[in-house]
K.L.:
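Structure below; questions to follow.
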Amino acid sequence: MNSDRTCQFPIVGSDDGGKTWTRRSTDRRLLGATVLDGQMLFADEIPFPYVAGPNVDPVVSQDGGRTWQKVTISTNTVEAVPDGGTVWSDYYHKDAPVDAVVALDPVTATLSPLAHQPDLQSRSQMQLSRTTGTTWVAGTKDGQPAVATSHDRGRTWKNATIPASGCAVFRLSVVGEAATVTCTQDHQGSIRVFRSTDDGATFPEIKPPQPFPTDANTVWAFPNGTVVAAPAGPGIQVIGASPSPAEPMPALYVLRPGAKAWDTITPRGLAGQIGGMTLLPNGEYLAMMNGNPTARLQRSTDLTNWIDVAIPI
């Protein structure tokens, strides 16, 4: 969360729902980390110095990110995602089949292609819901955005096509039993949002009573029915530049359940660019703010008033 020129990031974790945080390790160069079960994490690690092309190494931690071991990439297929494992894309892995959906076995630290691949092209976003056990894969089908789901850990798949031609940016987000697809239309700059509440069988479009704000470039649709849109936000300096305080986020656009118009909120205490936002089980919103010299976690109960979450970075 606080990088130097080698792109090493300290990893911090919380075991009490985000109330307190501890530093787990400081010497990793990870492209995010996926929490599997309990203390088990999975991530991709980039090399240093960086070399273009498929070059990352998958790694797994079984003690909450304190220690990591390299994952073996196998060419032998497996019938299903192992217990406690997850699905992943092999696109960036060295010596791996490109564009394959692979399954992680965290016990043996092995990554293997699934024997039965979803009928999608450009498979890039994959999630396994710990709530329902559904496996989700986003990609394209005949040039259209599509999402494939499996209810038997990757043995069989069903496709749902998203009716959004010309989708330049396509993002899948799964929270519990609901999945949201956000699409930015090519050459138009407009945003469309589709949401499934039937485990991926259908993706009806969320049609707000007013168009999405013209400067919004990121959207989150939460399980409580609230939709939040954010503008591009202030710029971020490059790594290695002289640090300067992050600029305040100028606005958030909020559409609450049953509302007939967007609320424009001036968030207090929110600074930098929003790297991600989620809704916690206790009803609080948690935002990862990208900024220089450090990234920050901030939380809010009303999307207006934000406070820092103390993290040991």
Side-chain angles (χ1 to χ4, degrees), residues 31-32 34 36 42-44 53-54 56 58 71 73-82 85-105 110-187 191-206 219-221:
L31 293 172
T34 297
L36 299 178
F42 176 63
D44 282 334
V56 302
V71 172
I73 299 177
S74 172
T75 57
N76 297 324
T77 60
V78 293
E79 283 293 311
V81 180
T86 191
V87 284
W88 210 253
S89 170
D90 244 357
Y91 188 80
Y92 295 106
H93 295 158
K94 293 182 291 187
D95 305 321
V98 175
D99 202 22
V101 179
V102 293
L104 170 71
D105 186 335
T110 304
L111 209 56
S112 307
L114 284 173
H116 310 284
Q117 295 285 316
D119 184 21
L120 297 177
Q121 297 82 44
S122 303
R123 299 180 288 258
S124 59
Q125 302 173 68
M126 307 169 193
Q127 298 185 45
L128 193 153
S129 171
R130 298 292 159 186
T131 304
T132 64
T134 302
T135 306
W136 304 77
V137 177
T140 60
K141 177 66 175 176
D142 299 327
Q144 288 278 100
V147 175
T149 54
S150 174
H151 304 291
D152 53 12
R153 307 186 73 83
R155 294 179 177 87
T156 60
W157 298 88
K158 292 183 179 180
N159 282 2
T161 301
I162 312 299
S165 299
C167 197
V169 179
F170 174 42
R171 187 179 68 181
L172 170 69
S173 175
V174 179
V175 180
E177 299 177 0
T180 303
V181 165
T182 305
C183 174
T184 303
Q185 296 293 119
D186 195 13
H187 306 305
I191 293 176
R192 298 176 67 184
V193 177
F194 304 83
R195 189 178 183 203
S196 174
T197 56
D198 54 10
D199 233 10
T202 60
F203 276 85
E205 185 171 2
I206 295 177
V219 175
W220 296 271

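Hydrogens, waters and symmetry mates are skipped; everything else that's a heavy atom, side chains included, is used.
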K.L.:
Are the charged groups of Arg192 and Glu205 less than 4.0 angstrom apart, N to O?
P.N.:
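Salt bridge: yes.
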K.L.:
Where the side chain of Ser112 meets the backbone of Val78, is there a donor-acceptor pair that is under 3.5 Å apart?
P.N.:
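No.
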K.L.:
Please identify which of these residues, Pro58, Ser74, Pro82, meets the side-chain contact (heavy atoms from CB on, under 4.5 Å) condition with Thr110.
P.N.:
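It is Ser74; the other options fail the test.
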K.L.:
State whether the side chain of Gln121 and the backbone N or O of Gly139 hold a donor-acceptor pair below 3.5 Å, judged by distance alone.
P.N.:
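Not at all, since once roles are kept as given, no pair shorter than 3.5 Å links the two residues.
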K.L.:
Would you say Val102 and Leu114 make side-chain contact, with heavy atoms under 4.5 Å?
P.N.:
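No, side chains not in contact.
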K.L.:
Kindly say whether Ser173 contributes a backbone atom to a donor-acceptor pair with the side chain of Trp136 at under 3.5 angstrom?
P.N.:
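No, the answer is negative, given that no donor and acceptor are paired below the 3.5 Å cut-off.
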K.L.:
Can you tell me how far the CZ atom of Phe203 sits from the OG1 atom of Thr197, to the nearest 0.5 Å?
P.N.:
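Rounded to the nearest 0.5 Å, the CZ-OG1 separation comes out at 10.0 Å.
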K.L.:
Enter the distance from Thr149:OG1 to Trp157:CH2 here, rounded to the nearest 0.5 Å.
P.N.:
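Reported to 0.5 Å precision, the distance equals 8.0 Å.
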K.L.:
Measure the CG-CG distance between Asp142 and Asn159 for me, rounded to the nearest 0.5 Å.
P.N.:
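Asp142 atom CG to Asn159 atom CG measures 9.5 Å (nearest 0.5 Å).
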K.L.:
Which atom pair, heavy atoms only, marks the closest approach of Ala201 to Ala160?
P.N.:
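Where Ala201 meets Ala160 most closely, the heavy atoms are O-CB, 3.9 Å.
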K.L.:
Mind checking whether Phe194 and Pro163 have side chains closer than 4.5 Å, heavy atoms only?
P.N.:
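They are in side-chain contact.
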K.L.:
NZ/Lys141 to CG/Leu120 distance, rounded to the nearest 0.5 angstrom?
P.N.:
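Spacing of NZ (Lys141) from CG (Leu120) equals 7.5 Å.
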K.L.:
Test your reading of the model: is there a side-chain donor-acceptor pair from Arg153 to the backbone of Ala80, 3.5 Å cut-off?
P.N.:
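Side chain of Arg153 to backbone of Ala80: no pair is present.
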K.L.:
List in chain and number order the residues that pass side chain to side chain contact (heavy atoms under 4.5 Å, CB included) with Val193, two or more places apart in sequence or in another chain; answer none if no residue qualifies.
P.N.:
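Partners of Val193 under the side chain to side chain contact (heavy atoms under 4.5 Å, CB included) test: Thr180, Thr182, Ile191, Ile206, Phe212, Val219, Ala221.
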K.L.:
Could you measure the distance from the CD atom of Gln144 to the CD1 atom of Ile162? Nearest 0.5 Å is fine.
P.N.:
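It is 9.5 Å, given to the nearest 0.5 Å.
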K.L.:
For a side-chain contact (heavy atoms from CB on, under 4.5 Å) check, start with the C-alpha distance between Phe42 and Thr86, then their side-chain angles and the critical distance, and finish with the verdict.
P.N.:
CA-CA 9 Å; Phe42 176 63; Thr86 191; 4.2 Å; yes
K.L.:
Suppose we screen for side chain to side chain donor-acceptor pair (under 3.5 Å). Which residues come up paired with Thr156, at least two apart in sequence or across chains?
P.N.:
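Side chain to side chain donor-acceptor pair (under 3.5 Å) check on Thr156 returns Asp152.
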K.L.:
Please name the pair of heavy atoms, one in Gly154 and one in Thr135, separated by the smallest distance, quoted to 0.1 Å.
P.N.:
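What the structure gives for the nearest pair is N-OG1, 4.5 Å.
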K.L.:
By side chain to side chain donor-acceptor pair (under 3.5 Å), which residues pair with Thr202, not counting sequence neighbours?
P.N.:
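Counting only residues at least two positions away or on another chain, Thr202 forms a side chain to side chain donor-acceptor pair (under 3.5 Å) with Asp198.
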